[in-house]
Amino acid sequence: MQTKQQFISFTAIALSVALLARVVVSDEVIPSLDEWASFAETLECELSEVFTVNDTSFLSENNRNYYRPFDDIVGVGVIYCGCEQDVVRALQFARHYQSEYEVPFSIRSGGHSNGAFSKCDGCIVIDLYRMKEQGYLVNFDKDNAVMLAVEPGVTLGELLRGLAASDRSDVSIPHGTCEGVGIGGFAQGGGLGYQQRTYGLTVDYVVGVRVVDCEGNIHQIIDAEYDSDLVRVNETTNLSLTSSSSADESDLLWAIRGAGGGSFGIVTKFFFKTFTIAPSQLLFKIVYPILSQQNISHFLDLYQWYFSDENEVPDFLTVYFRVGADLTFNTEIFPFGYKMNLDGVCFQDDIELCYDILYEILNYTEMAYVDSYSVINSSLSYYDLFLDGVFTDVPPQGARTMGYSRSHFIMDQADLSPSVVSLIASSYWAHITDDSKAAQNLVFYMSTMRGNIPNMDADFAKTSFEGRNAWSWVYVVAATIPTLGSEAIYATISHWEENVMSQLSDVVYVNGVDDGTSNITQLYPTASVYERLREIKSKYDQQNCFNWKW
């Protein structure tokens with residue numbers, strides 16, 4: 001079934017026509033231009049700014065999203081908030097027009113939403129991208145452990161670069177591999193990455209938040225384990241890290257930790273605990289040629305066998321299996337060179353153990369078929385390893401793709417049955433041998449989970465993240481060059497969703513939810529988790545002003 005975001009021409013002409021139509025009837029647009037101007041005067045912070053349809057740069061501000069196909073979704077205005085006070089003002093402004101005129105609003109941080117939920121047609125966009133303060137706090141009630149205070153507009157790349165340049169580059173938090181992703185949504189939906197089997201997920205390190213509720217009230221909620229701790233902001237200033245309310249609001253913190261961004265309030269600051277970086281790390285990349293459909297099946301079989309529960313792969317290793325081409329979505333040269341990759345990171349005090357695992361994997365995957373492999377070892381620092389060795393393999397910050405993506409969890413390894421492996425291989429082989437799809441880059445990912453992930457929160461006591469007990473995470477993206485539009489790639493991604501991904505699992509990664517996700521059990525399959533989320537929603541947002549769709 002088509003939605004309004006599907007099968008639309010995404011040319012600049014069409015967008016300009018849509019924009020022009022709104023400008024011509026600007027007197028009828030709600031809020032009016034005069035109302036926008038009056039509101040803009042109330043903003044206090046230097047980085048806060050308003051863009052409306054009459055601004056020449058409105059289109060580029062409206063389209064500050066990662067996926068180009070969503071450029072057709074045009075709002076009525078964008079409010080960049082530079083500080084928490086202006087977030088409250090923006091929310092109160094948006095709430096007025098939501099309640100009086102049914103004008104929707106959305107919340108945007110990095111703009112990477114798979115379903116374009118960070119903006120909507122005719123809506124007011126509250127954009128947090130300019131809220132980029134980050135710093136570290138020394139918690140001397142917890143053995144001088146380092147904590148981070150991070151605003152939602154900070155991207156993963158900015159977070160890592162900030163830590164690398166600080167005098168506490170010995171600590172980090174689990175993070176992903178796409179440097180342009182905003183921490184605001186990423187941290188609220190789980191946060192997968194190369195550290196997951198060793199250190200857990202980003203959401204496991206959220207120990208507190210500052211959040212603006214529907215009425216504009218600010219709550220500072222700190223995990224009970226850390227509440228009332230003293231932290232040192234600098235050499236002379238101490239801060240009591242305490243919850244702002246005498247009431248127990250741990251339920252709201254629980255919902256924010258895992259249920260998805262923008263569902264229960266606007267988070268204006270995260271407090272993270274950190275892990276101490278292992279003395280050495282090994283990043284390896286093994287590349288295999290795609291020779292046939294059977295070749296793909298063979299390596300999928302080997303991958304799932306090696307990372308089977310019975311094989312007891314050490315927790316200090318995380319590996320991504322990828323079929324596709326380099327994610328250079330902005331290239332004008334097609335077709336891509338299709339390969340299969342095993343990309344892994346090993347964290348271990350004894351680096352020789354990491355090399356032993358690498359050679360073991362090479363042997364298991366029959367080294368004669370290896371096209372090439374490369375190793376980046378402990379001579380690089382942790383941050384150099386990721387900033388130069390991992391982030392360079394994804395679109396650079398600011399890059400945008402003409403693409404769609406889908407993301408599922410494989411809860412049980414048995415779901416990846418021989419028939420499903422054959423289906424993946426045959427579907428992929430059919431795609432790359434179809435001349436009509438030569439201009440489409442189709443990338444299929446599978447990432448190992450388990451390890452320490454279940455141990456971080458075995459019974460949903462701390463977080464509402466539903467993918468914790470999954471065996472693996474699967475992600476597929478279809479992309480093309482901008483001049484070819486989105487209709488063909490939407491057909492490709494829909495085919496994979498309906499015929500392949502649905503055979504793996506119905507459980508969808510909250511951070512990868514798309515415009516086609518409608519069944520609540522896909523996001524929250526555990527009935528007790530879903531019912532608790534509904535209770536928390538009714539407690540803190542009875543009118544559903546944050547438009548939690550489920």
Practice prompt. Kindly say whether Pro69 contributes a backbone atom to a donor-acceptor pair with the side chain of Ser486 at under 3.5 angstrom?
Written response: no
Fill in: Partner of Tyr404 under ring-ring contact (aromatic ring centres under 6.0 Å, His included), chosen from Tyr475, Tyr490, Trp496
Tyr490
Response to the item:
Residues passing the salt bridge (Lys or Arg N to Asp or Glu O under 4.0 Å) test with Glu84, sequence neighbours excluded, are Arg210
Worksheet item: Does any non-hydrogen side-chain atom of Pro31 lie less than 4.5 Å from one of Tyr101?
Response: no
Worksheet item: Would you say the side-chain atoms of Tyr80 and Glu61 include a donor-acceptor pair closer than 3.5 Å?
Response: yes
Fill in: Ser243 and Glu249 side chains, donor-acceptor separation under 3.5 Å
no
Item to complete: Spell out, as yes or no, whether a donor-acceptor pair under 3.5 Å connects the side chain of Ser166 to the backbone of Leu163.
Response: yes
Worksheet item: Between the main-chain N or O of Trp473 and the side-chain N or O of Ser447, is there a donor-acceptor pair closer than 3.5 Å?
Response: no
Practice prompt. Please round to the nearest 0.5 Å and tell me the distance separating atom CG of Leu128 and atom OG1 of Thr268.
Written response: 8.5 Å
Worksheet item: Quick one: are Phe272 and Val207 in side-chain contact, heavy atoms under 4.5 Å?
Response: no
Worksheet entry | Inter-residue atom distance Ile79.CD1 - Ile107.CD1, 0.5 Å rounding | 11.5 Å
Fill in: Ionic contact status for Arg89 with Asp86, cut-off 4.0 Å
yes
Fill in: Within 6.0 Å of CD in Glu133, more than 12 heavy atoms from elsewhere
no
Practice prompt. Classify the side-chain pair Asn511/Tyr509 by whether it contains a donor and acceptor separated by less than 3.5 Å.
Written response: yes
Worksheet entry | Single hit among Met501, Arg406, Glu498 for side-chain contact (heavy atoms from CB on, under 4.5 Å) with Ile493 | Arg406
Discussion item. Using 0.5 Å steps for rounding, measure from the CG atom of Leu533 to the CG atom of Asp251.
Written reply: 10.5 Å
Worksheet item: Just by distance, do the side chain of Gln220 and the backbone of Thr242 share a donor-acceptor pair under 3.5 Å?
Response: yes
Item to complete: Give the intermediate values and the outcome of side-chain contact (heavy atoms from CB on, under 4.5 Å) for residues Val211 and Ile221.
Response: CA-CA 8 Å; Val211 58; Ile221 314 169; 4.1 Å; yes
Practice prompt. Answer yes or no: are there more than 12 heavy-atom neighbours, outside Glu531 itself, under 6.0 Å from its atom CD?
Written response: yes
Item to complete: Kindly indicate, with the supporting measurements, whether the criterion side-chain hydrogen bond (donor to acceptor under 3.5 Å, both in side chains) is fulfilled by Thr155 and Glu179.
Response: CA-CA 6 Å; Thr155 66; Glu179 64 174 306; over 6 Å; no
Item to complete: List the atom of Leu148, the atom of Ile173, and the distance in Å for their closest heavy-atom pair.
Response: CD1-CG2, 3.9 Å
Worksheet entry | Sequence-distant partners of Asp204, side-chain contact (heavy atoms from CB on, under 4.5 Å), two or more places apart | Leu201, Met456, Thr463, Arg468
Worksheet entry | From Ser464 atom OG to Ile256 atom CD1, the distance as rounded to the nearest 0.5 Å | 9.5 Å
Worksheet item: Do Tyr97 and Glu35 have a side chain donor and acceptor closer than 3.5 Å?
Response: yes
Worksheet item: Under 4.5 Å between any side-chain heavy atoms of Phe275 and Pro174, yes or no?
Response: yes
Item to complete: In sequence, state the C-alpha distance, the side-chain angles, and the governing distance for Phe546 and Phe264, and then conclude on ring-ring contact (aromatic ring centres under 6.0 Å, His included).
Response: CA-CA 6 Å; Phe546 291 111; Phe264 296 88; 8.9 Å; no
Worksheet, complete the sentence: Closest non-hydrogen contact found for Gly184 with Ser109 is N-OG, 3.5 Å
Worksheet entry | Phe117 and Ser106, any side-chain heavy atoms less than 4.5 Å apart | no
Worksheet entry | Intermediate values then yes/no, side-chain hydrogen bond (donor to acceptor under 3.5 Å, both in side chains), Gln440 and Thr492 | CA-CA 9 Å; Gln440 295 185 32; Thr492 295; 2.6 Å; yes
Worksheet entry | Verdict with reasoning, Arg95 to Gln98, per side-chain hydrogen bond (donor to acceptor under 3.5 Å, both in side chains) | CA-CA 5 Å; Arg95 282 282 292 123; Gln98 181 193 54; 2.7 Å; yes
Worksheet entry | side-chain contact (heavy atoms from CB on, under 4.5 Å) involving Val510 - partner list, sequence neighbours excluded | Leu523, Tyr524
Worksheet item: Counting N and O atoms only, with roles assigned by atom type, does the side chain of Thr202 sit under 3.5 Å from a partner on the main chain of Ala187, one being a donor and the other an acceptor?
Response: no
Practice prompt. Please identify each residue that fulfils salt bridge (Lys or Arg N to Asp or Glu O under 4.0 Å) with Lys269, with sequence neighbours left out.
Written response: none
Worksheet entry | Aromatic contact, Tyr320 with Tyr194 (centres under 6.0 Å) | yes
Item to complete: Decide if the gap between the ring center of Trp254 and the ring center of Phe465 is smaller than 6.0 angstrom.
Response: no
Item to complete: Indicate yes or no for a side-chain donor-acceptor contact from Ser505 to the backbone of Val507 under 3.5 Å, with no hydrogens or angles considered.
Response: yes
Worksheet entry | Closest approach of Arg64 to Gly110 (non-hydrogen atoms, all atoms of both residues) | NH1-O, 3.6 Å
Worksheet item: How many angstroms lie between CG in Asp55 and CD in Glu49, if you round to the nearest 0.5 Å?
Response: 8.0 Å
Discussion item. I'd like to know if the side chain of Arg130 and the backbone of Leu47 have a donor-acceptor N/O pair within less than 3.5 Å.
Written reply: yes
Item to complete: Determine whether Ile183 and Glu158 make a side-chain contact, defined as any pair of heavy atoms from C-beta on separated by less than 4.5 Å.
Response: no
Discussion item. Donor-acceptor pair, distance only, cut-off 3.5 Å: does the side chain of Lys537 make one with the backbone of Ser263?
Written reply: yes
Worksheet item: What are the two closest non-hydrogen atoms of Phe186 and Gly176, and how far apart are they?
Response: CZ-N, 3.5 Å
Practice prompt. Indicate yes or no for a side-chain donor-acceptor contact from Lys132 to the backbone of Gly153 under 3.5 Å, with no hydrogens or angles considered.
Written response: yes
Discussion item. Counting the benzene-type ring for Trp, do Phe93 and Phe39 have ring centres under 6.0 Å apart?
Written reply: yes
Item to complete: Start with the C-alpha gap between Val150 and Leu159, add the side-chain angles, then the distance that decides, and say whether side-chain contact (heavy atoms from CB on, under 4.5 Å) holds.
Response: CA-CA 8 Å; Val150 183; Leu159 177 65; 4.0 Å; yes
Response to the item:
Residues at least two apart in sequence or cross-chain that pass side-chain contact (heavy atoms from CB on, under 4.5 Å) with Asp213, listed by chain then number, are Glu215, Asn217, His219
Discussion item. Under the criterion side-chain hydrogen bond (donor to acceptor under 3.5 Å, both in side chains), I'd like the reasoning laid out for His408 against Glu497: C-alpha separation, chi angles, the key distance, then a yes or no.
Written reply: CA-CA 9 Å; His408 285 231; Glu497 174 67 26; 3.1 Å; yes
Practice prompt. Quickly, which of Val206, Val209, Leu137 forms a side-chain contact (heavy atoms from CB on, under 4.5 Å) with Phe271? Name it, please.
Written response: Leu137
Fill in: From Ser250 atom OG to Asp227 atom CG, the distance as rounded to the nearest 0.5 Å
10.0 Å
Worksheet, complete the sentence: Sequence neighbours excluded, the answer for side-chain contact (heavy atoms from CB on, under 4.5 Å) partners of Ser118 is Arg108, Ser113
Worksheet item: Between Cys214 and Cys545, is the SG-SG gap less than 2.5 Å?
Response: yes
Fill in: Polar side-chain atom of Lys119 near backbone of Ile73 as donor-acceptor pair, under 3.5 Å
yes
